[in-house]
J.: 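One structure, as C-alpha coordinates, below. Some questions next.
Atoms within a ligand are numbered from 1 in the order they appear, just like the ligands themselves. Heavy atoms only: backbone and side chains are in, while hydrogens, waters and symmetry mates are out.
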Amino acid sequence: MASVNTVLLAISDNQEWSDVKSVLVNEYGYRVLIANTAKKALSLTEEANIDLVICEAYLEDKSALIVLQQCRVTCPNAMRILVKEANGDDKKNHVAAERAAIYQFIRKPIDAEQVGMVVKRALETAELSRRHRLISRELKLNDDSPIFTGKQNGSAVADCSRFEKLVYVSESMAELCNIAKQAAGTNLPILIQGETGTGKELMARAIHFNSNRTDSPLIVQNCGGISDEMLHSELFGHMRGAFPGAISDRLGLFRAADGGTVFLDEISEISPAFQVSLLRLVQEGEVKPLGSDINYHCDVRIICASNRRLSEMVAKGEFRQDLYFRLKGFELVVPPLRDRRDDIAVLAEFFTRKYTELTNVKLLGISNAVLDRLQHHPYPGNVRELENEVQRMVALAKDGEYLTIRHMSEEFSSIIPDQSSTDAFPNLSIDGATLKEKVESLEKHLVKEALNRLRWNQSKVALELGLSRVGLANKIKRYHLANTS
Ligand SMILES: Nc1ncnc2c1ncn2[C@@H]1O[C@H](COP(=O)(O)OP(=O)(O)O)[C@@H](O)[C@H]1O
Ligand SMILES: [Mg+2]
(Lines give C-alpha, C1' and ligand atoms only; values in the text may rest on other atoms or scores of the structure.)
(Ligands and ions follow the chains in the order given, each with its own letter.)
Protein backbone atom coordinates (compact mmCIF):
# COMPACT_ATOMS: atom_id res chain seq x y z
CA MET A 1 0.00 0.00 0.00
CA ALA A 2 1.46 3.38 -0.94
CA SER A 3 1.94 5.46 2.22
CA VAL A 4 0.96 8.76 0.61
CA ASN A 5 -2.54 7.48 0.03
CA THR A 6 -2.84 6.01 3.49
CA VAL A 7 -5.10 7.93 5.84
CA LEU A 8 -4.95 7.48 9.60
CA LEU A 9 -7.42 8.83 12.08
CA ALA A 10 -6.12 9.52 15.60
CA ILE A 11 -8.85 10.12 18.15
CA SER A 12 -7.48 11.91 21.18
CA ASP A 13 -7.89 15.04 23.23
CA ASN A 14 -4.36 14.80 24.42
CA GLN A 15 -1.47 17.12 23.44
CA GLU A 16 1.15 14.32 23.36
CA TRP A 17 -0.18 13.36 19.97
CA SER A 18 1.66 16.06 18.09
CA ASP A 19 4.90 14.03 18.46
CA VAL A 20 3.19 10.88 17.26
CA LYS A 21 1.69 12.72 14.34
CA SER A 22 5.02 14.12 13.25
CA VAL A 23 6.59 10.60 13.24
CA LEU A 24 3.68 9.14 11.28
CA VAL A 25 3.70 11.98 8.77
CA ASN A 26 7.43 12.60 8.41
CA GLU A 27 8.88 9.11 8.79
CA TYR A 28 6.14 7.04 7.25
CA GLY A 29 4.46 9.49 4.91
CA TYR A 30 0.93 8.78 6.14
CA ARG A 31 -1.82 11.39 6.13
CA VAL A 32 -3.00 11.85 9.71
CA LEU A 33 -6.34 13.31 10.71
CA ILE A 34 -6.84 14.15 14.37
CA ALA A 35 -10.23 14.28 16.04
CA ASN A 36 -10.51 15.41 19.64
CA THR A 37 -14.04 14.16 20.20
CA ALA A 38 -15.87 10.98 19.33
CA LYS A 39 -18.48 12.94 17.43
CA LYS A 40 -15.92 14.62 15.21
CA ALA A 41 -14.13 11.30 14.69
CA LEU A 42 -17.26 9.52 13.53
CA SER A 43 -18.17 12.26 11.11
CA LEU A 44 -14.63 12.09 9.68
CA THR A 45 -14.95 8.35 9.11
CA GLU A 46 -17.99 9.05 6.99
CA GLU A 47 -16.25 11.68 4.90
CA ALA A 48 -12.77 10.27 4.31
CA ASN A 49 -11.58 6.85 3.29
CA ILE A 50 -9.80 5.86 6.51
CA ASP A 51 -7.30 3.00 6.57
CA LEU A 52 -6.59 2.89 10.28
CA VAL A 53 -8.08 4.32 13.47
CA ILE A 54 -6.05 4.78 16.63
CA CYS A 55 -8.06 5.79 19.64
CA GLU A 56 -7.30 6.88 23.20
CA ALA A 57 -9.09 4.94 25.91
CA TYR A 58 -10.64 7.95 27.57
CA LEU A 59 -12.43 10.58 25.62
CA GLU A 60 -14.63 13.24 27.06
CA ASP A 61 -17.79 12.41 25.21
CA LYS A 62 -17.73 8.63 24.74
CA SER A 63 -15.89 5.45 25.62
CA ALA A 64 -13.16 4.65 23.11
CA LEU A 65 -14.35 1.09 22.75
CA ILE A 66 -17.80 2.25 21.73
CA VAL A 67 -16.24 4.61 19.18
CA LEU A 68 -14.15 1.78 17.77
CA GLN A 69 -17.22 -0.44 17.57
CA GLN A 70 -19.00 2.27 15.61
CA CYS A 71 -15.97 2.55 13.31
CA ARG A 72 -16.52 -1.10 12.36
CA VAL A 73 -19.73 0.10 10.73
CA THR A 74 -18.66 3.49 9.37
CA CYS A 75 -15.27 2.35 7.98
CA PRO A 76 -15.31 -1.45 8.05
CA ASN A 77 -11.97 -1.87 6.31
CA ALA A 78 -10.02 0.32 8.73
CA MET A 79 -7.72 -1.38 11.25
CA ARG A 80 -8.37 -0.43 14.88
CA ILE A 81 -5.77 0.27 17.56
CA LEU A 82 -6.56 1.19 21.17
CA VAL A 83 -4.29 3.25 23.42
CA LYS A 84 -4.74 2.19 27.06
CA GLU A 85 -3.90 3.97 30.28
CA ALA A 86 -0.65 2.89 31.96
CA ASN A 87 -2.52 1.06 34.72
CA GLY A 88 -6.04 0.75 33.36
CA ASP A 89 -8.23 -2.18 34.37
CA ASP A 90 -8.12 -4.49 31.32
CA LYS A 91 -10.43 -7.26 32.37
CA LYS A 92 -13.69 -5.42 32.61
CA ASN A 93 -13.35 -4.17 29.05
CA HIS A 94 -12.74 -7.56 27.55
CA VAL A 95 -16.16 -8.00 25.93
CA ALA A 96 -16.22 -4.48 24.52
CA ALA A 97 -12.70 -4.97 23.14
CA GLU A 98 -13.83 -8.14 21.40
CA ARG A 99 -16.78 -6.34 19.88
CA ALA A 100 -14.59 -3.58 18.61
CA ALA A 101 -12.31 -6.20 16.97
CA ILE A 102 -9.16 -4.34 17.89
CA TYR A 103 -6.02 -5.32 16.03
CA GLN A 104 -3.62 -4.29 18.78
CA PHE A 105 -3.40 -2.11 21.88
CA ILE A 106 -0.63 0.18 23.02
CA ARG A 107 -0.08 1.17 26.61
CA LYS A 108 0.78 4.66 27.83
CA PRO A 109 3.12 6.46 28.06
CA ILE A 110 3.01 6.75 24.30
CA ASP A 111 6.21 6.05 22.45
CA ALA A 112 5.89 7.61 18.98
CA GLU A 113 8.32 5.11 17.42
CA GLN A 114 6.34 2.19 18.80
CA VAL A 115 3.10 3.66 17.47
CA GLY A 116 4.72 4.02 14.03
CA MET A 117 5.81 0.40 14.02
CA VAL A 118 2.47 -1.01 15.19
CA VAL A 119 0.62 1.12 12.62
CA LYS A 120 2.88 -0.11 9.86
CA ARG A 121 2.35 -3.76 10.82
CA ALA A 122 -1.40 -3.23 11.09
CA LEU A 123 -1.52 -1.78 7.57
CA GLU A 124 0.56 -4.66 6.22
CA THR A 125 -1.86 -7.11 7.80
CA ALA A 126 -4.80 -5.24 6.27
CA GLU A 127 -3.16 -5.37 2.86
CA LEU A 128 -2.45 -9.08 3.18
CA SER A 129 -6.00 -9.87 4.13
CA ARG A 130 -7.31 -7.66 1.32
CA ARG A 131 -5.21 -9.63 -1.16
CA HIS A 132 -6.27 -12.88 0.39
CA ARG A 133 -9.91 -11.91 -0.06
CA LEU A 134 -9.30 -10.96 -3.67
CA ILE A 135 -7.40 -14.12 -4.46
CA SER A 136 -10.05 -16.33 -2.85
CA ARG A 137 -12.65 -14.54 -4.90
CA GLU A 138 -10.53 -14.97 -7.99
CA LEU A 139 -10.10 -18.69 -7.37
CA LYS A 140 -13.80 -19.12 -6.87
CA LEU A 141 -14.58 -17.25 -10.05
CA ASN A 142 -12.03 -19.01 -12.17
CA ASP A 143 -12.03 -22.56 -11.24
CA ASP A 144 -9.35 -23.26 -13.88
CA SER A 145 -7.98 -26.72 -14.32
CA PRO A 146 -4.41 -27.12 -13.14
CA ILE A 147 -1.68 -26.20 -15.58
CA PHE A 148 -0.35 -29.06 -17.62
CA THR A 149 3.19 -29.75 -16.53
CA GLY A 150 3.93 -33.18 -17.91
CA LYS A 151 6.97 -34.15 -19.93
CA GLN A 152 6.61 -32.83 -23.43
CA ASN A 153 9.54 -34.37 -25.23
CA GLY A 154 9.01 -35.93 -28.61
CA SER A 155 5.59 -34.43 -29.20
CA ALA A 156 4.08 -31.63 -31.24
CA VAL A 157 3.50 -29.76 -27.98
CA ALA A 158 7.25 -29.71 -27.42
CA ASP A 159 7.64 -27.61 -30.59
CA CYS A 160 4.85 -25.19 -29.95
CA SER A 161 5.06 -21.69 -28.50
CA ARG A 162 3.65 -20.60 -25.19
CA PHE A 163 2.48 -17.29 -23.87
CA GLU A 164 1.71 -18.14 -20.26
CA LYS A 165 -1.08 -20.73 -20.65
CA LEU A 166 -1.71 -20.02 -24.34
CA VAL A 167 -0.47 -22.78 -26.63
CA TYR A 168 -0.02 -22.16 -30.37
CA VAL A 169 2.10 -22.74 -33.46
CA SER A 170 0.19 -20.68 -36.02
CA GLU A 171 1.80 -17.55 -37.36
CA SER A 172 -1.30 -15.49 -36.72
CA MET A 173 -1.21 -16.37 -33.00
CA ALA A 174 2.55 -15.85 -32.84
CA GLU A 175 2.12 -12.34 -34.23
CA LEU A 176 -0.76 -11.59 -31.90
CA CYS A 177 1.13 -12.82 -28.84
CA ASN A 178 4.12 -10.68 -29.78
CA ILE A 179 1.91 -7.60 -29.84
CA ALA A 180 0.28 -8.70 -26.60
CA LYS A 181 3.69 -9.00 -24.93
CA GLN A 182 4.55 -5.47 -26.02
CA ALA A 183 1.17 -4.19 -24.87
CA ALA A 184 1.71 -5.91 -21.50
CA GLY A 185 4.70 -3.66 -20.84
CA THR A 186 2.59 -0.50 -21.10
CA ASN A 187 -0.19 0.83 -18.92
CA LEU A 188 -2.63 1.35 -21.80
CA PRO A 189 -6.07 -0.25 -21.78
CA ILE A 190 -6.36 -3.30 -24.00
CA LEU A 191 -9.37 -4.45 -25.95
CA ILE A 192 -9.40 -8.14 -26.90
CA GLN A 193 -11.96 -9.12 -29.49
CA GLY A 194 -12.75 -12.49 -30.96
CA GLU A 195 -15.39 -15.17 -31.13
CA THR A 196 -16.36 -17.01 -27.99
CA GLY A 197 -13.89 -19.68 -26.89
CA THR A 198 -10.91 -18.30 -28.82
CA GLY A 199 -8.90 -17.70 -25.63
CA LYS A 200 -9.59 -14.02 -24.88
CA GLU A 201 -9.61 -14.52 -21.13
CA LEU A 202 -6.45 -16.61 -21.26
CA MET A 203 -4.86 -13.79 -23.25
CA ALA A 204 -5.95 -11.19 -20.65
CA ARG A 205 -4.39 -13.28 -17.89
CA ALA A 206 -1.19 -13.74 -19.88
CA ILE A 207 -0.97 -9.97 -20.32
CA HIS A 208 -1.47 -9.29 -16.62
CA PHE A 209 1.19 -11.81 -15.66
CA ASN A 210 3.60 -10.24 -18.13
CA SER A 211 3.01 -6.71 -16.91
CA ASN A 212 4.62 -4.87 -14.03
CA ARG A 213 1.34 -5.26 -12.12
CA THR A 214 1.81 -8.95 -11.64
CA ASP A 215 2.32 -8.62 -7.86
CA SER A 216 -1.05 -6.89 -7.58
CA PRO A 217 -4.40 -8.54 -8.15
CA LEU A 218 -6.09 -9.42 -11.41
CA ILE A 219 -9.83 -9.12 -10.99
CA VAL A 220 -12.24 -10.62 -13.49
CA GLN A 221 -15.74 -9.26 -13.93
CA ASN A 222 -18.22 -10.48 -16.50
CA CYS A 223 -20.42 -7.57 -17.56
CA GLY A 224 -23.07 -9.71 -19.24
CA GLY A 225 -26.25 -10.93 -17.54
CA ILE A 226 -25.94 -8.67 -14.51
CA SER A 227 -28.10 -5.66 -13.66
CA ASP A 228 -26.64 -2.21 -14.12
CA GLU A 229 -26.95 -1.42 -10.43
CA MET A 230 -25.25 -4.65 -9.37
CA LEU A 231 -22.44 -4.14 -11.84
CA HIS A 232 -21.98 -0.56 -10.72
CA SER A 233 -21.89 -1.45 -7.06
CA GLU A 234 -19.62 -4.44 -7.69
CA LEU A 235 -17.05 -2.37 -9.58
CA PHE A 236 -17.41 1.18 -8.31
CA GLY A 237 -18.64 0.36 -4.80
CA HIS A 238 -21.52 1.94 -2.94
CA MET A 239 -22.27 3.84 0.21
CA ARG A 240 -24.50 2.51 2.93
CA GLY A 241 -28.14 3.29 2.06
CA ALA A 242 -27.40 4.05 -1.60
CA PHE A 243 -30.17 1.62 -2.54
CA PRO A 244 -32.42 -0.81 -0.65
CA GLY A 245 -30.22 -3.61 0.61
CA ALA A 246 -27.02 -1.54 0.72
CA ILE A 247 -26.52 -2.16 4.43
CA SER A 248 -22.87 -1.22 4.56
CA ASP A 249 -20.32 0.62 2.46
CA ARG A 250 -18.73 -1.38 -0.29
CA LEU A 251 -15.28 -0.60 -1.61
CA GLY A 252 -15.81 -1.81 -5.19
CA LEU A 253 -13.46 -3.92 -7.24
CA PHE A 254 -11.70 -1.05 -8.97
CA ARG A 255 -10.48 0.35 -5.68
CA ALA A 256 -9.86 -3.12 -4.28
CA ALA A 257 -7.68 -3.92 -7.28
CA ASP A 258 -5.69 -0.68 -6.91
CA GLY A 259 -2.31 -1.18 -8.52
CA GLY A 260 -3.53 -4.24 -10.42
CA THR A 261 -5.58 -5.16 -13.48
CA VAL A 262 -9.33 -5.42 -13.99
CA PHE A 263 -10.53 -7.69 -16.78
CA LEU A 264 -14.01 -6.74 -17.97
CA ASP A 265 -15.44 -9.56 -20.02
CA GLU A 266 -18.39 -9.01 -22.41
CA ILE A 267 -17.87 -5.25 -22.31
CA SER A 268 -20.35 -4.87 -25.20
CA GLU A 269 -23.14 -5.55 -22.70
CA ILE A 270 -22.72 -2.47 -20.47
CA SER A 271 -25.45 0.17 -20.28
CA PRO A 272 -25.03 3.76 -21.53
CA ALA A 273 -24.92 4.97 -17.90
CA PHE A 274 -22.19 2.51 -17.05
CA GLN A 275 -20.27 3.58 -20.14
CA VAL A 276 -20.16 7.11 -18.74
CA SER A 277 -18.77 5.94 -15.38
CA LEU A 278 -16.20 3.75 -17.09
CA LEU A 279 -15.14 6.62 -19.32
CA ARG A 280 -14.47 8.73 -16.23
CA LEU A 281 -12.30 5.96 -14.79
CA VAL A 282 -10.33 5.50 -18.00
CA GLN A 283 -9.91 9.25 -18.57
CA GLU A 284 -9.38 10.60 -15.06
CA GLY A 285 -8.52 7.48 -13.07
CA GLU A 286 -11.43 8.26 -10.77
CA VAL A 287 -14.31 6.23 -9.42
CA LYS A 288 -17.43 7.43 -7.67
CA PRO A 289 -19.27 4.87 -5.53
CA LEU A 290 -23.08 4.76 -5.81
CA GLY A 291 -24.59 7.22 -3.37
CA SER A 292 -21.34 9.12 -2.84
CA ASP A 293 -20.39 12.64 -3.87
CA ILE A 294 -16.69 11.91 -3.66
CA ASN A 295 -14.51 10.80 -6.53
CA TYR A 296 -11.72 8.46 -5.45
CA HIS A 297 -8.50 8.07 -7.36
CA CYS A 298 -7.60 4.56 -8.37
CA ASP A 299 -4.82 3.10 -10.44
CA VAL A 300 -6.01 0.07 -12.39
CA ARG A 301 -5.18 -1.25 -15.82
CA ILE A 302 -8.30 -2.13 -17.78
CA ILE A 303 -8.43 -5.07 -20.16
CA CYS A 304 -11.78 -5.59 -21.88
CA ALA A 305 -13.01 -8.44 -24.03
CA SER A 306 -15.90 -8.69 -26.40
CA ASN A 307 -17.16 -11.22 -28.90
CA ARG A 308 -19.18 -8.51 -30.63
CA ARG A 309 -17.28 -6.05 -32.78
CA LEU A 310 -17.35 -2.77 -30.83
CA SER A 311 -16.60 -0.75 -33.98
CA GLU A 312 -19.85 -2.06 -35.49
CA MET A 313 -21.73 -1.23 -32.31
CA VAL A 314 -20.27 2.29 -32.41
CA ALA A 315 -21.42 2.66 -36.02
CA LYS A 316 -24.93 1.66 -34.97
CA GLY A 317 -24.86 4.08 -32.04
CA GLU A 318 -24.96 1.23 -29.50
CA PHE A 319 -21.61 1.99 -27.88
CA ARG A 320 -19.97 5.33 -27.09
CA GLN A 321 -17.27 6.14 -29.59
CA ASP A 322 -15.14 8.08 -27.07
CA LEU A 323 -15.12 5.09 -24.72
CA TYR A 324 -14.31 2.70 -27.56
CA PHE A 325 -11.30 4.82 -28.55
CA ARG A 326 -10.13 4.97 -24.94
CA LEU A 327 -10.47 1.23 -24.36
CA LYS A 328 -8.53 0.23 -27.44
CA GLY A 329 -5.12 1.51 -26.37
CA PHE A 330 -4.18 -1.79 -27.97
CA GLU A 331 -6.72 -3.74 -29.97
CA LEU A 332 -6.10 -7.46 -30.23
CA VAL A 333 -8.26 -9.70 -32.38
CA VAL A 334 -7.94 -13.39 -31.60
CA PRO A 335 -8.60 -15.33 -34.80
CA PRO A 336 -11.19 -18.13 -34.81
CA LEU A 337 -9.72 -21.63 -34.66
CA ARG A 338 -10.94 -22.50 -38.17
CA ASP A 339 -8.66 -19.73 -39.49
CA ARG A 340 -5.57 -21.15 -37.77
CA ARG A 341 -5.90 -24.85 -38.27
CA ASP A 342 -2.17 -25.31 -37.60
CA ASP A 343 -3.01 -24.91 -33.92
CA ILE A 344 -5.52 -27.78 -33.86
CA ALA A 345 -3.04 -30.65 -33.57
CA VAL A 346 -0.93 -29.07 -30.85
CA LEU A 347 -3.98 -28.01 -28.90
CA ALA A 348 -5.48 -31.50 -29.23
CA GLU A 349 -2.28 -33.01 -27.91
CA PHE A 350 -2.00 -30.41 -25.17
CA PHE A 351 -5.55 -31.07 -23.96
CA THR A 352 -5.06 -34.85 -24.21
CA ARG A 353 -2.07 -34.59 -21.90
CA LYS A 354 -3.89 -32.22 -19.60
CA TYR A 355 -6.89 -34.52 -19.16
CA THR A 356 -4.97 -37.78 -19.06
CA GLU A 357 -2.98 -36.32 -16.20
CA LEU A 358 -6.10 -35.20 -14.43
CA THR A 359 -7.86 -38.53 -14.81
CA ASN A 360 -4.71 -40.63 -14.47
CA VAL A 361 -5.39 -42.56 -17.69
CA LYS A 362 -2.34 -43.65 -19.68
CA LEU A 363 -2.98 -43.31 -23.41
CA LEU A 364 -0.74 -44.21 -26.32
CA GLY A 365 -1.68 -41.13 -28.35
CA ILE A 366 -4.19 -39.77 -30.82
CA SER A 367 -4.95 -41.76 -33.97
CA ASN A 368 -4.50 -40.13 -37.36
CA ALA A 369 -8.17 -40.63 -38.16
CA VAL A 370 -9.09 -38.60 -35.08
CA LEU A 371 -6.61 -35.86 -35.98
CA ASP A 372 -8.12 -35.76 -39.48
CA ARG A 373 -11.62 -35.28 -38.14
CA LEU A 374 -10.43 -32.65 -35.67
CA GLN A 375 -8.69 -30.82 -38.51
CA HIS A 376 -11.88 -30.62 -40.56
CA HIS A 377 -14.39 -29.44 -37.98
CA PRO A 378 -15.69 -25.86 -38.39
CA TYR A 379 -15.39 -25.04 -34.63
CA PRO A 380 -18.14 -22.52 -34.02
CA GLY A 381 -17.15 -22.82 -30.33
CA ASN A 382 -13.44 -22.48 -31.13
CA VAL A 383 -10.78 -23.77 -28.71
CA ARG A 384 -13.33 -24.37 -25.97
CA GLU A 385 -15.18 -26.76 -28.30
CA LEU A 386 -11.97 -28.61 -29.16
CA GLU A 387 -11.08 -28.82 -25.48
CA ASN A 388 -14.51 -30.23 -24.59
CA GLU A 389 -14.28 -32.83 -27.34
CA VAL A 390 -10.83 -33.98 -26.24
CA GLN A 391 -11.88 -34.03 -22.61
CA ARG A 392 -14.83 -36.21 -23.51
CA MET A 393 -12.68 -38.58 -25.55
CA VAL A 394 -10.15 -38.95 -22.75
CA ALA A 395 -12.97 -39.70 -20.31
CA LEU A 396 -14.15 -42.58 -22.54
CA ALA A 397 -10.72 -44.03 -23.28
CA LYS A 398 -9.06 -46.73 -21.21
CA ASP A 399 -5.45 -47.29 -20.19
CA GLY A 400 -3.22 -48.42 -23.04
CA GLU A 401 -5.54 -47.21 -25.85
CA TYR A 402 -5.17 -44.66 -28.63
CA LEU A 403 -7.87 -42.01 -28.93
CA THR A 404 -9.85 -43.34 -31.89
CA ILE A 405 -12.99 -42.47 -33.79
CA ARG A 406 -15.11 -44.56 -31.46
CA HIS A 407 -14.24 -42.18 -28.60
CA MET A 408 -15.43 -39.21 -30.64
CA SER A 409 -18.81 -37.53 -30.36
CA GLU A 410 -21.21 -37.99 -33.26
CA GLU A 411 -20.68 -34.39 -34.28
CA PHE A 412 -16.99 -34.94 -34.91
CA SER A 413 -16.92 -38.58 -36.01
CA SER A 414 -19.44 -37.91 -38.79
CA ILE A 415 -17.08 -35.48 -40.50
CA ILE A 416 -15.80 -36.92 -43.77
CA PRO A 417 -12.28 -35.63 -44.27
CA ASP A 418 -11.43 -34.16 -47.65
CA GLN A 419 -9.74 -37.10 -49.38
CA SER A 420 -8.21 -35.10 -52.18
CA SER A 421 -5.96 -33.10 -49.94
CA THR A 422 -5.02 -35.56 -47.21
CA ASP A 423 -5.13 -38.98 -48.70
CA ALA A 424 -4.38 -38.54 -52.38
CA PHE A 425 -1.50 -40.89 -52.63
CA PRO A 426 -3.40 -44.11 -53.51
CA ASN A 427 -5.14 -42.51 -56.51
CA LEU A 428 -2.07 -40.77 -57.75
CA SER A 429 -1.39 -40.95 -61.49
CA ILE A 430 2.31 -40.55 -62.09
CA ASP A 431 3.38 -38.83 -65.30
CA GLY A 432 6.63 -39.43 -67.16
CA ALA A 433 8.25 -42.12 -69.26
CA THR A 434 11.51 -42.73 -67.51
CA LEU A 435 12.02 -43.59 -63.85
CA LYS A 436 13.61 -40.17 -63.30
CA GLU A 437 10.54 -38.43 -64.75
CA LYS A 438 8.19 -40.57 -62.67
CA VAL A 439 10.14 -39.84 -59.48
CA GLU A 440 10.07 -36.13 -60.28
CA SER A 441 6.35 -36.23 -60.93
CA LEU A 442 5.84 -37.94 -57.58
CA GLU A 443 8.14 -35.43 -55.87
CA LYS A 444 6.25 -32.51 -57.38
CA HIS A 445 3.00 -33.99 -56.19
CA LEU A 446 4.24 -34.56 -52.64
CA VAL A 447 5.73 -31.08 -52.32
CA LYS A 448 2.57 -29.48 -53.68
CA GLU A 449 0.35 -31.49 -51.37
CA ALA A 450 2.40 -30.56 -48.29
CA LEU A 451 2.47 -26.89 -49.29
CA ASN A 452 -1.29 -26.77 -49.69
CA ARG A 453 -1.99 -28.70 -46.53
CA LEU A 454 0.30 -26.50 -44.45
CA ARG A 455 -1.00 -23.32 -46.09
CA TRP A 456 2.31 -22.53 -47.70
CA ASN A 457 4.13 -22.28 -44.40
CA GLN A 458 7.48 -23.08 -45.95
CA SER A 459 9.34 -23.61 -42.66
CA LYS A 460 6.88 -26.30 -41.68
CA VAL A 461 6.85 -27.93 -45.10
CA ALA A 462 10.65 -28.00 -45.18
CA LEU A 463 10.69 -29.50 -41.70
CA GLU A 464 8.10 -32.14 -42.58
CA LEU A 465 9.79 -33.15 -45.84
CA GLY A 466 13.28 -33.09 -44.35
CA LEU A 467 14.46 -30.30 -46.66
CA SER A 468 16.30 -27.07 -45.98
CA ARG A 469 14.35 -23.87 -46.69
CA VAL A 470 16.58 -23.23 -49.67
CA GLY A 471 16.11 -26.82 -50.89
CA LEU A 472 12.34 -26.36 -50.71
CA ALA A 473 12.52 -22.99 -52.52
CA ASN A 474 14.48 -24.66 -55.33
CA LYS A 475 11.85 -27.34 -55.73
CA ILE A 476 9.04 -24.77 -55.79
CA LYS A 477 10.89 -22.97 -58.55
CA ARG A 478 11.76 -26.12 -60.50
CA TYR A 479 8.17 -27.41 -60.49
CA HIS A 480 6.63 -23.93 -61.04
CA LEU A 481 4.48 -24.28 -57.94
CA ALA A 482 2.39 -21.26 -56.90
CA ASN A 483 0.26 -20.40 -53.90
CA THR A 484 -3.21 -20.15 -55.39
CA SER A 485 -5.22 -20.16 -52.15
N1 LIG B 1 -4.30 -21.05 -27.14
C2 LIG B 1 -4.83 -21.77 -26.13
N3 LIG B 1 -4.07 -22.65 -25.47
C4 LIG B 1 -4.58 -23.41 -24.47
N5 LIG B 1 -5.85 -23.33 -24.06
C6 LIG B 1 -6.66 -22.47 -24.68
C7 LIG B 1 -6.19 -21.63 -25.74
N8 LIG B 1 -7.20 -20.85 -26.16
C9 LIG B 1 -8.26 -21.17 -25.40
N10 LIG B 1 -7.95 -22.14 -24.51
C11 LIG B 1 -8.87 -22.79 -23.55
O12 LIG B 1 -10.16 -22.72 -24.15
C13 LIG B 1 -11.14 -22.35 -23.19
C14 LIG B 1 -11.79 -21.04 -23.62
O15 LIG B 1 -10.86 -19.98 -23.48
P16 LIG B 1 -11.29 -18.52 -22.94
O17 LIG B 1 -10.06 -17.75 -22.68
O18 LIG B 1 -12.26 -18.66 -21.81
O19 LIG B 1 -12.03 -17.99 -24.24
P20 LIG B 1 -12.95 -16.71 -24.46
O21 LIG B 1 -12.71 -15.80 -23.27
O22 LIG B 1 -12.48 -16.12 -25.73
O23 LIG B 1 -14.35 -17.20 -24.55
C24 LIG B 1 -10.43 -22.27 -21.86
O25 LIG B 1 -10.57 -23.49 -21.19
C26 LIG B 1 -9.00 -22.03 -22.24
O27 LIG B 1 -8.15 -22.55 -21.25
MG1 LIG C 1 -14.69 -15.68 -22.08
Side-chain angles (χ1 to χ4, degrees), residues 138-150 152 155-181 184 190-210 218-226 261-270 302-310 331-359 366 374 377 379-395:
E138 170 79 342
L139 288 177
K140 223 168 28 202
L141 265 174
N142 301 289
D143 169 31
D144 260 355
S145 314
I147 318 167
F148 170 70
T149 51
Q152 301 186 0
S155 70
V157 173
D159 299 327
C160 70
S161 305
R162 301 289 292 262
F163 179 33
E164 295 289 327
K165 291 195 194 173
L166 286 164
V167 173
Y168 56 91
V169 287
S170 64
E171 275 175 17
S172 54
M173 280 301 283
E175 247 169 58
L176 188 71
C177 290
N178 277 340
I179 301 174
K181 283 175 198 163
I190 299 180
L191 174 62
I192 308 174
Q193 305 201 77
E195 290 180 12
T196 179
T198 45
K200 298 185 293 298
E201 181 166 344
L202 225 49
M203 175 71 83
R205 289 172 181 279
I207 292 171
H208 171 74
F209 290 112
N210 276 267
L218 164 72
I219 301 277
V220 179
Q221 176 67 47
N222 193 319
C223 303
I226 172 170
T261 308
V262 175
F263 172 55
L264 300 175
D265 205 356
E266 297 193 42
I267 192 70
S268 56
E269 304 310 301
I270 62 173
I302 308 277
I303 305 181
C304 297
S306 168
N307 51 26
R308 296 174 65 191
R309 281 294 183 135
L310 288 194
E331 191 169 18
L332 308 176
V333 181
V334 188
L337 188 57
R338 66 185 158 280
D339 289 350
R340 48 177 166 111
R341 290 191 181 271
D342 298 356
D343 288 340
I344 294 173
V346 282
L347 283 169
E349 191 177 330
F350 171 74
F351 292 134
T352 305
R353 286 168 173 272
K354 172 172 161 182
Y355 290 107
T356 48
E357 285 218 339
L358 280 176
T359 51
I366 311 174
L374 292 177
H377 189 71
Y379 293 104
N382 292 292
V383 183
R384 186 177 288 116
E385 191 181 357
L386 173 62
E387 179 169 3
N388 290 344
E389 179 64 16
V390 172
Q391 182 179 14
R392 184 180 174 281
M393 282 198 284
V394 171

J.: Please work out, at 4.0 Å between heavy atoms, whether the side chain, the backbone, both, or neither of Leu347 comes within that distance of ligand 1.
T.: side chain
J.: Report yes if Val383 has an N/O atom closer than 3.5 Å to an N/O atom of ligand 1; otherwise report no.
T.: no
J.: Looking only at non-hydrogen atoms, find the nearest pair between Leu202 and Lys165 and report the distance.
T.: CD2-O, 3.9 Å
J.: Does any N/O atom on Leu166 come nearer than 3.5 Å to any N/O atom on ligand 1?
T.: no
J.: Using the test side chain to side chain contact (heavy atoms under 4.5 Å, CB included), find all partners of Glu175 that sit at least two apart in sequence or belong to another chain.
T.: none
J.: Show your working on side-chain hydrogen bond (donor to acceptor under 3.5 Å, both in side chains) between Ser170 and Asp343 and close with a plain yes or no.
T.: CA-CA 6 Å; Ser170 64; Asp343 288 340; 2.8 Å; yes
J.: Among side-chain atoms of Asn382 and Thr198, is any donor-acceptor pair under 3.5 angstrom?
T.: no
J.: Can Gly197 be said to touch ligand 1, with heavy atoms closer than 4.0 Å?
T.: yes
J.: For ligand 1, is there an N or O atom under 3.5 Å from any N or O atom of Lys354?
T.: no
J.: Taking 4.0 Å as the limit for heavy-atom contacts, which would you say applies to Lys165 with ligand 1: side chain only, backbone only, both, or neither?
T.: backbone
J.: Which bit of Glu201 gets closer than 4.0 Å to ligand 1, counting heavy atoms only: side chain, backbone, both or neither?
T.: both
J.: Does the Lys200 side chain pair with the main chain of Leu191, one donor and one acceptor, at a distance under 3.5 Å?
T.: no
J.: Closer than 4.0 angstrom, basic N to acidic O: yes or no for Glu357 and Arg353?
T.: no
J.: Using distance alone, decide if ligand 1 has a nitrogen or oxygen within less than 3.5 Å of any nitrogen or oxygen in Arg340.
T.: no
J.: Geometry only, no angles: is Gly199 polar-contacting ligand 1 at N/O separations under 3.5 Å?
T.: yes
J.: Does Phe163 have any ring pair (Phe, Tyr, Trp, His ring centres under 6.0 Å) partners at least two apart in sequence or in another chain, and if so, which?
T.: none
J.: Examine the proximity of ligand 1 to Tyr168 and report which part, side chain or backbone, both or neither, has a heavy atom under 4.0 Å away.
T.: neither
J.: Under 3.5 Å between any N/O of Val167 and any N/O of ligand 1: does that happen in this structure?
T.: yes
J.: Could you go through Glu385 and His377, starting from their C-alpha distance and side-chain angles, then the distance that decides it, and tell me whether this counts as side-chain hydrogen bond (donor to acceptor under 3.5 Å, both in side chains)?
T.: CA-CA 10 Å; Glu385 191 181 357; His377 189 71; 2.7 Å; yes
J.: Below 3.5 Å, N or O to N or O, backbone or side chain included: is there any such pair between Arg384 and ligand 1?
T.: yes
